[in-house]
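One structure is given below, encoded as structure tokens.
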Amino acid sequence: EDVLICSATASGKTEAACAPLVENYIDINGPWTILYISPTRALVNDLYERLDMPLRRLSLSVIRRTGDHATRLDRIPHVLITTPESFDSILCRGKLEGSTFGHVLSRVQAIVLDEIHLLHGSPRGEQVRWLLERLKRLKSQAARENWCRNTKIQIIGLSATVSEPENVIASFMPKGKIVNVPGKREIQIVDNEIISVEKMLKRYIDSLDKPEKILVFSRSRKRVDVLTCKVRSLLNGLEYVVTEHHGSLDKRVRKDAEEAIKEHQKIVVFATSTLELGIDIGDIDLIVLDEPAPDIPSLLQRIGRGNRRTNITKVLLCAENKTDEILQRAMIYAAINGWILKDYGPNFGVAMQQIASYIFQSPKRTRGRKSIEGFIRACINDDLNSKQIIDNMKQSGELIENEAGIRLGEHWLNMTSHGGIHSNIESTTGYSVIDEMSGEKIATGVSFAEGRGLKTGGQFLQICRFNDLNIEVKRVNNENLAQGQWNYAGKKNFNDSSQAFSMRKYLELDEDQWPVILDNGRLYVFHLGGGIRQTIVEALAKTNFIDMDTIKSNHFYFSFPSRSTEKPPWLAEKRTANLELLINSEVEWFENKLCRPLANKKLPHNIRVYEIKKWLKLDKELYNIFHCKFTAGNHKCTGILKKFI
């Protein structure tokens, strides 16, 4: 049966899936495959190292396939571990020439979707959903061609605890069952005071009577770079190794950091989300949260990296300001009480990439319109007239149709040369940082403004020259020689509802209670509904012709000029039709507010509108807005909320 296993981090989900699956298939006469899909290359490497030895003892083959490990697929492996992008590539390029099995995936018996809660609701998660449909179609062909005996594929999802597992089930395995494993590890806050990470680390390490491995999570790559240099200087003389790990660092630099964590007993590692997942870095003694995590699932992943061999995880909370201090307390309170929330919705921008890849998968590099329309209908609600996507792609030249069928236009043909056709990860531009002496790459995606240098890879780097898209640097010991204004290229991130939801729970507010504070002629209304509610409130102001220059808003509150604490008419009158008209006429404004992918702009208008409505949860949110009560005066949370203004 298809199953979603929900269990705490570090509770053994990989073994719980792999051991019985292997036992199921080990006596099958002939080739068989367990396909293991994992979110990151690093996690694929970690899983490969964990599973390789026990599988080899059983005389079973295991292959990893990623952009870093392009292992040749000339035979059917027993276990194939890969990422969504490489799964896409294997579907297109996995034909076995001269073999009776036709395709390397023709004998897939089961799929394990690892850390599926992290993919759900994202473009990469949507890609996996379409890829599963493509694999089912491949299996049907394999049965017709006698490459395999049946079309059955068992799907096992592995997830940390999620608030609505039925939504994950609906996306990836509609007939699946949920196995919810109770129990969680105790979270131990080792210091009730919340101060800056530099001061906290120095104080904590000075108090230790034995070495510890410490992992510090920050939200941005730039902050990881800066803190690594600062704390290395601060801990000088205490014999602690200080290093860093984030996605813009070169693979070699990240690997060195991973090995350092395993080797050294006295080490501090600064990281972004790259170390949230189950990369084998040994047992971590302490998790430090430098800033509030972006959402509760991410917070639980970070906490789960510590003390994996015990039932207690030790955590230090840090903050640079009062707002972050309150948020840290609120989010850890939500995590301890198991209050988990994650915003999700459709990601139809993936459709164009999947249509292109599906055509490329065909040996003739062309497919009939009916075949493509059937594929789209299987993945998108047919009421949306989703076949319009094909016509849009034809009009833009991405697809070409004639009597032979539909084939790829120049744009997608160019993407096939470097594997871009298999990915939905939006690319970012920027400089690569190169050591001028060794020629080794240190980091990528750097956006430079001005100055003599920069700090990345835990080093003070002085700029020697710019060479095309490379910044050639040399390492220096003097921080003054590395001064400069720079950052990493990237896209704006959507403000999930998790932080605001945690604040509401922490302040013990009901959903209909919206605290208000009148301050210097402005009314601050704490909606505490995240980026989605912020967007709807701004949209309601637009439909009521409110001067948008007078409205200030974020994912916690909005404010406007007022002498009263009364609820204004534009928030008390339910005008759903007006809001829907605004979405139709200004869909791009909503897409920008919700940080939807750039690919969405190429979708048919009706599908763009439908996606926005689903993300906004209009019925539920409008009900909450129109039935909320403004609460003012000596409310117990007023003093706390004033710190957000």
Side-chain angles (χ1 to χ4, degrees), residues 39 84 117-129 167 171 219-223 246-248 272-273 276 291-299 327 341-353 423-430 445 447 487-502 527-542 548 551-558 579 582-603 605 607-618 620-621:
H117 60 291
L118 299 177
L119 292 174
H120 178 53
S122 72
R124 297 180 76 220
E126 183 76 0
Q127 179 181 11
V128 169
R129 204 170 65 80
N167 290 323
S171 290
R219 277 186 302 207
S220 75
R221 294 164 287 176
K222 173 74 176 289
R223 182 157 174 81
H246 62 69
S248 286
T272 57
S273 58
E276 282 181 15
E291 304 165 290
D295 52 54
I296 298 298
S298 178
L299 172 63
L327 267 177
L341 180 72
K342 181 178 179 180
D343 296 326
Y344 64 90
N347 291 271
F348 294 138
V350 169
M352 292 164 289
Q353 177 268 325
S423 176
N424 281 285
I425 300 172
E426 289 189 296
S427 59
T428 56
T429 57
S447 173
N487 216 318
Y488 290 101
K491 61 186 183 69
K492 182 182 175 184
N493 291 319
F494 173 63
N495 285 316
D496 187 274
S497 301
S498 283
Q499 291 187 347
F501 172 78
S502 299
H527 62 81
L528 298 177
I532 287 173
R533 190 168 296 170
Q534 175 192 355
T535 301
I536 295 177
V537 167
E538 290 184 23
L540 287 170
K542 286 167 75 81
M548 296 305 292
I551 302 287
K552 296 178 182 177
S553 72
N554 59 33
H555 54 298
F556 298 109
Y557 68 81
F558 61 94
L579 189 57
L582 184 68
I583 295 173
N584 266 287
S585 62
E586 297 191 28
V587 66
E588 189 164 335
W589 179 84
F590 284 92
E591 287 174 339
N592 291 335
K593 293 294 293 184
L594 298 176
C595 301
R596 305 310 301 138
L598 291 174
N600 280 34
K601 299 185 191 311
K602 297 182 180 180
L603 286 169
H605 181 77
I607 294 178
R608 294 170 71 182
V609 168
Y610 179 84
E611 179 170 312
I612 290 300
K613 288 180 179 179
K614 283 294 186 181
W615 272 93
L616 290 177
K617 306 181 185 73
L618 274 183
K620 177 184 175 183
E621 281 298 317

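The first residue in the sequence is number 1, and the count goes up from there.
Checked by atom type and distance alone, the side chain of S498 pairs as donor or acceptor with a backbone atom of L341 at under 3.5 Å. A donor-acceptor contact shorter than 3.5 Å links the side chain of D496 to the backbone of D343. In terms of modelled atom types and a separation under 3.5 Å, the side chain of E426 and the main chain of L598 share a donor-acceptor contact. Under the 3.5 Å distance criterion, the side-chain polar atoms of S497 are matched with a main-chain donor or acceptor of G529. In this structure, the side chain of E611 engages the main chain of F348 through a donor-acceptor pair within 3.5 Å. Between the side chain of Q353 and the backbone N or O of N424 there is no donor-acceptor pair closer than 3.5 Å. Side chain of D295 to main chain of A293: no donor-acceptor pair is present (N/O by atom type, distance under 3.5 Å, no hydrogens or angles).
The side chain to side chain contact (heavy atoms under 4.5 Å, CB included) with Y610 is formed by just one residue from the set K614, K613, R608; it is K614.
Residues I536 and L616 come closest through the heavy atom pair CD1-O, 3.5 Å. In plain terms, the two heavy atoms of S171 and H120 that are nearest each other are OG-CE1, 3.2 Å. S248 approaches R221 most closely through the heavy-atom pair OG-NH1, 2.7 Å.
When the side chain to side chain contact (heavy atoms under 4.5 Å, CB included) test is applied to Q534, the partners found at least two apart in sequence or on another chain are H527, E538, S553, H555, K593. In this structure, H117 has no ring-ring contact (aromatic ring centres under 6.0 Å, His included) partners at least two apart in sequence or on a different chain.
Between L582 and S585 there is a side-chain heavy-atom pair separated by less than 4.5 Å. The closest side-chain heavy-atom distance from R219 to P292 is below 4.5 Å.
Annotation: the span from L119 atom CG to Q127 atom CD amounts to 9.5 Å, rounded to 0.5 Å. For the atom pair K542 NZ and W589 CH2, the distance stands at 5.5 Å (nearest 0.5 Å). We find the CD-CG distance between E586 and N592 to be 11.0 Å, quoted to the nearest 0.5 Å. Of the inter-residue distances, the one linking Q499 atom CD with I296 atom CD1 reads 8.5 Å to the nearest 0.5 angstrom. One distance of note links OG1 of T535 with CG of N495; it measures 9.0 Å at 0.5 Å rounding. Remark: N167 CG to K342 NZ distance equals 11.0 Å, nearest 0.5 Å.
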Apply side-chain contact (heavy atoms from CB on, under 4.5 Å) to L528 and F501, showing your working.
CA-CA 6 Å; L528 298 177; F501 172 78; over 6 Å; no
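Defined by atom type and a distance below 3.5 Å, a donor-acceptor pair is present between the side-chain atoms of N347 and R596.
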